[in-house]
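Following: one structure in structure tokens, then a few remarks.
Starting from 1, each residue takes its place in the sequence as its number. All of these numbers come straight from a predicted model, not from anything done at the bench.
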Amino acid sequence: MKYIHSQETLTIPKDVKVSIKTRIVTVEGPRGTIGDAAHRKQVFTHATGKLVKNLAHLSVSFSQPSPSVINIELHHGSRKNVATLRTVRTLINNLTIGVTKGYKYKMRYVYAHFPINVNIEKNNETGLYEVEIRNFIGEKIVRRVVMQSGVDVEASKNVKDELLLSGNSLENVSQSAADIQQICRVKNKDIRKFLDGLYVSERGNIEEEI
């Protein structure tokens with residue numbers, strides 16, 4: 001069954017400017033500029049601070065009846081095609097939240113006996129943060145995780161054994177947290193008993209905590 005016409009509407013906050021050209025959505029707000037080009041590949045340019053994401057395979061059309069309203073439309077789409085409308089709407093909404101409030105993830109160290117040691121360094125060549133994890137369940141292996149572009153990492157000043165990840169892009173912040181959690185998986189042991197690792201304890205926005 002084909003749906004003749006399907007539409008999703010997104011309302012843009014007052015302090016956010018959204019421009020759309022050839023399915024490339026650029027969002028500007030108080031916290032910076034994020035470009036979202038509706039295609040699969042992600043490219044981040046440090047000079048402009050724009051995040052470009054390709055979704056060219058989606059046959060959706062955009063229209064802006066007013067600066068604060070975006071219409072996402074699809075004609076003669078199947079049920080799966082129509083489902084992409086809300087996905088695109090959510091992606092743009094995440095960008096608007098990112099340039100206004102930002103995203104912050106909190107991660108806690110969990111260990112029973114061997115304390116986990118975490119060092120944070122910034123690579124001067126790439127400008128990306130690197131997280132170094134040592135003494136995980138007593139192993140001598142040094143685990144290193146490179147953060148995604150635009151993600152800042154710091155150790156919590158108020159809470160012991162807590163890591164704070166923040167940035168404008170929800171995808172980059174959440175992917176960086178996932179990379180840290182995944183590299184600390186316990187192997188060849190009963191995971192019900194060995195619960196050591198770094199886990200996301202809280203998700204929120206940067207501006208709410210200021």
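Side-chain atoms of Asn81 and Ser78 include a donor-acceptor pair closer than 3.5 Å. Side chains of Asp161 and Tyr111: a donor on one and an acceptor on the other come within 3.5 Å.
In His5, the NE2 atom is crowded: over 12 heavy atoms of neighbouring residues, nucleotides or ligands sit closer than 6.0 Å.
Contact between Ala177 and Met107 at its shortest, heavy atoms only, is O-CE, 3.5 Å. Across all their heavy atoms, Pro13 and Thr96 have their closest contact at CD-CB, 4.4 Å. Between Lys101 and Asn205, the closest heavy-atom pair is CB-CB, 3.8 Å. Scanning all heavy atoms of the two residues, the minimum distance from Asn71 to Pro65 falls at ND2-CG, 3.5 Å. The minimum heavy-atom distance between Thr9 and Gln7, with the atom names listed, is OG1-NE2, 3.5 Å. Ser176 approaches Val151 most closely through the heavy-atom pair OG-CG2, 3.7 Å.
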Derivation and outcome, side-chain contact (heavy atoms from CB on, under 4.5 Å), residues Val88 and Glu8: CA-CA 9 Å; Val88 174; Glu8 285 279 349; over 6 Å; no
Apply side-chain contact (heavy atoms from CB on, under 4.5 Å) to Val186 and Phe136, showing your working. CA-CA 9 Å; Val186 177; Phe136 175 68; 3.8 Å; yes
Val25/Ile70 under side-chain contact (heavy atoms from CB on, under 4.5 Å): CA gap, chis, key distance, verdict: CA-CA 11 Å; Val25 183; Ile70 294 176; 5.6 Å; no
Evaluate Met147 against Val131 for side-chain contact (heavy atoms from CB on, under 4.5 Å), listing each step before the verdict. CA-CA 8 Å; Met147 297 294 98; Val131 176; 3.9 Å; yes
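Leu91 and Val173 are not part of a single hydrophobic cluster, where members link through side-chain heavy atoms under 4.5 Å apart. A continuous path of Ile, Leu, Val, Met, Phe, Trp and Tyr side chains, each step under 4.5 Å between heavy atoms, connects Val16 with Ile92, placing both in one hydrophobic cluster. Note on Ile133: it clusters hydrophobically with Val153, by side-chain heavy-atom contacts below 4.5 Å among ILVMFWY residues. Phe62 and Val82 fall within a single hydrophobic cluster, where Ile, Leu, Val, Met, Phe, Trp and Tyr side chains are chained together by heavy-atom contacts under 4.5 Å. Clustering ILVMFWY residues whenever any of their side-chain heavy atoms sit less than 4.5 angstrom apart, transitively, puts Leu170 in a cluster other than the one holding Val99.
Side-chain atoms of Arg185 come within 3.5 Å of backbone atoms of Gln182 as a donor-acceptor pair (strictly under, hydrogens ignored). A donor-acceptor pair under 3.5 Å is absent between the side-chain atoms of Tyr103 and the main chain of Asn172, judged by distance alone. Side-chain atoms of Asn135 come within 3.5 Å of backbone N or O of Pro115 as a donor-acceptor pair.
Distance check, rounded to the nearest 0.5 Å: OH of Tyr199 to CZ of Arg108 gives 13.5 Å. Between atom OH of residue Tyr129 and atom CD of residue Glu121 there is a gap of 11.5 Å, rounded to the nearest 0.5 Å. In this structure, CZ on Arg79 lies 14.0 Å from NZ on Lys2, to the nearest 0.5 angstrom. Interatomic distance, CD1 of Ile12 versus CD of Gln64, reported as 7.5 Å (0.5 Å rounding).
Looking at residues two or more places apart in sequence or on another chain, you find no ring-ring contact (aromatic ring centres under 6.0 Å, His included) involving His76. The side chain to side chain donor-acceptor pair (under 3.5 Å) test applied to Ser61 returns no partner, not counting sequence neighbours.
Considering only heavy atoms from C-beta on, Asp179 comes within 4.5 Å of Gln148 through its side chain.
Test Ile120, Val146, Asn119 against Glu130 for side-chain contact (heavy atoms from CB on, under 4.5 Å) and you get one pass: Val146.
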